[in-house]
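Counting from 1, the numbers follow the sequence of the chain as shown.
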Amino acid sequence: MTPEDGYAGGGSNVLTASDNDDGPLREGGGGISFPGLGLSLAANVMGRYEDNLFRQQQSGGGFRLRPRVTVSYGTRLGQQRLFVQGTIGRDMFFGSGAPPDRQRYNASGGMQFQLSRCSGQIAGTWSRALIFLSDAAAFGGFEQESTGLSAGASCRIGTALSLNGGISRNTTDSVRGVGRSFSVNSWNYSAGLTFASRTLGTFGVNGSISDSRNPSRLVLTPDGQQEDGLDQRSVGLSYQRSFGQRIGLSVGLNYINSQPKFDQTVVIVDGVPQVVPREGFSGLGYDAGLDFRLTQRLLVQLSGGRRTRINPAVGAQFVVIDFYGIDLNYQFNRNYALNAGVSRRKNAFRGSFLSDLETVARRSDEFDRYYVRVSGQIGQRLTLGFDVVHNRRRSDVALFDFNSTGVGLSLGAQFGRGRS
């Protein structure tokens with residue numbers, strides 16, 4: 001229920017469309033993962049009523065219904081593991097001014113490999129869905145198609161050192177004739193060295209390069225029209241350690257350099273020339289997380305940081321984000337849990353432009369979220385969840401302000417026996 005952002009300068013800096021409103025505040029849940037051995041089938045339906053369905057200044061209440069089915073299969077081939085997974089769903093709306101219902105698709109597959117001292121994964125993914133991200137001015141109002149190819153590996157050097165690296169290619173394009181100016185293509189490269197000690201913790205040195213292009217935005221240069229783009233570089237340090245069974249700490253510090261590909265300010269967006277500021281960013285980024293297990297049932301998590309990212313759902317070349325939040329997790333028993341939290345995100349938009357979807361240039365805003373969720377498991381196959389969420393955005397361009405309170409219910413079923 002909190003922002004799904006990439007680390008400042010780390011890995012892929014392109015925010016991809018998630019299957020639901022925003023992902024976790026902390027990094028780590030958005031990648032492609034092995035679904036388990038064997039064939040499995042999962043079906044769920046999410047229903048939500050919001051008093052401001054499309055998160056506009058003036059928008060009536062309405063209901064969203066989001067059924068989906070996911071099929072996955074994993075198998076071994078020697079020491080390697082192969083997997084495929086596919087999801088089909090539908091977004092259905094009931095309320096004044098609601099758009100037509102739309103299908104939702106996702107497919108992924110790949111191979112996890114183990115070679116001597118090295119392990120890694122090669123994977124690909126494709127998705128097509130409406131955009132339900134809190135940053136989007138047209139929340140749920142336009143559709144994007146995304147593809148990604150990635151390869152990464154980690155190799156042990158002795159008992160304490162490991163070397164890791166990765167490369168990925170990502171593309172995001174708007175479909176159905178709207179939001180074309182938000183399209184992004186990127187190449188991303190990362191490498192790092194990790195030292196792990198049981199007594200001292202885990203230390204890391206990392207670096208990343210991300211080269212992004214915007215094929216639907218053209219810059220007028222002395223050499224003619226060129227695709228707009230952004231070059232991002234980052235180098236940093238990280239540290240992780242557990243203090244007994246109750247406290248966990250993770251911190252990271254990066255130096256980030258994000259600069260437009262061209263200095264020229266005349267950019268053609270949706271066929272119309274306009275003057276776009278060419279603001280870059282050079283400075284420190286950081287991520288910090290602190291976990292307190294107060295009792296066997298109660299866990300408190302603190303998060304904060306500064307990141308940069310490209311967001312293909314807003315009219316800006318990139319965003320500088322400062323964020324922090326607190327989450328409480330209480331386990332009633334083996335099957336039922338309560339989660340509650342509050343978060344704030346401050347966005348500074350760089351290189352803002354006008355588009356068919358955003359007729360006013362973005363400057364900065366603050367986004368707050370408060371949520372309470374109860375989730376549980378019934379037997380071996382059924383899950384349920386109930387949540388109440390309040391979202392609030394305040395922008396220095398009041399056109400983007402909104403308040404929205406929603407109540408959601410989800411039901412799910414899992415069949416098959418996926419095994420790791």
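With sequence neighbours excluded, the residues that form a salt bridge (Lys or Arg N to Asp or Glu O under 4.0 Å) with Arg217 are Asp228. The salt bridge (Lys or Arg N to Asp or Glu O under 4.0 Å) search around Arg392 returns Asp368, not counting sequence neighbours. Residues satisfying the side-chain contact (heavy atoms from CB on, under 4.5 Å) test with Asp322, not counting sequence neighbours, are Arg306, Lys346. By the side-chain hydrogen bond (donor to acceptor under 3.5 Å, both in side chains) test, Ser238 is found to be paired with no residue, residues two or more places apart in sequence or in another chain being considered. With sequence neighbours left out, Ser303 forms a side-chain hydrogen bond (donor to acceptor under 3.5 Å, both in side chains) with Arg26. Residues satisfying the side-chain hydrogen bond (donor to acceptor under 3.5 Å, both in side chains) criterion with Thr70, sequence neighbours excluded, are Thr87. A search for salt bridge (Lys or Arg N to Asp or Glu O under 4.0 Å) contacts involving Glu145 returns Arg128, not counting sequence neighbours. The ring-ring contact (aromatic ring centres under 6.0 Å, His included) test applied to Phe203 returns Tyr239, not counting sequence neighbours. The salt bridge (Lys or Arg N to Asp or Glu O under 4.0 Å) search around Asp231 returns Arg213, not counting sequence neighbours. Contacts of Ser116 classified as side-chain hydrogen bond (donor to acceptor under 3.5 Å, both in side chains), with partners at least two apart in sequence or in another chain: none.
Under the 3.5 Å distance criterion, with hydrogens and angles disregarded, a donor-acceptor pair is assigned to the side chains of Arg345 and Ser134. No side-chain N or O of Asn391 forms a donor-acceptor pair with one of Tyr371 less than 3.5 Å apart.
Evaluation of the side-chain hydrogen bond (donor to acceptor under 3.5 Å, both in side chains) test over residues 329-340, restricted to residues two or more places apart or in two chains, returns Gln301-Asn329, Asn329-Asn339. Counting only residues at least two apart or in different chains, ring pair (Phe, Tyr, Trp, His ring centres under 6.0 Å) contacts with residues 111-131 are absent.
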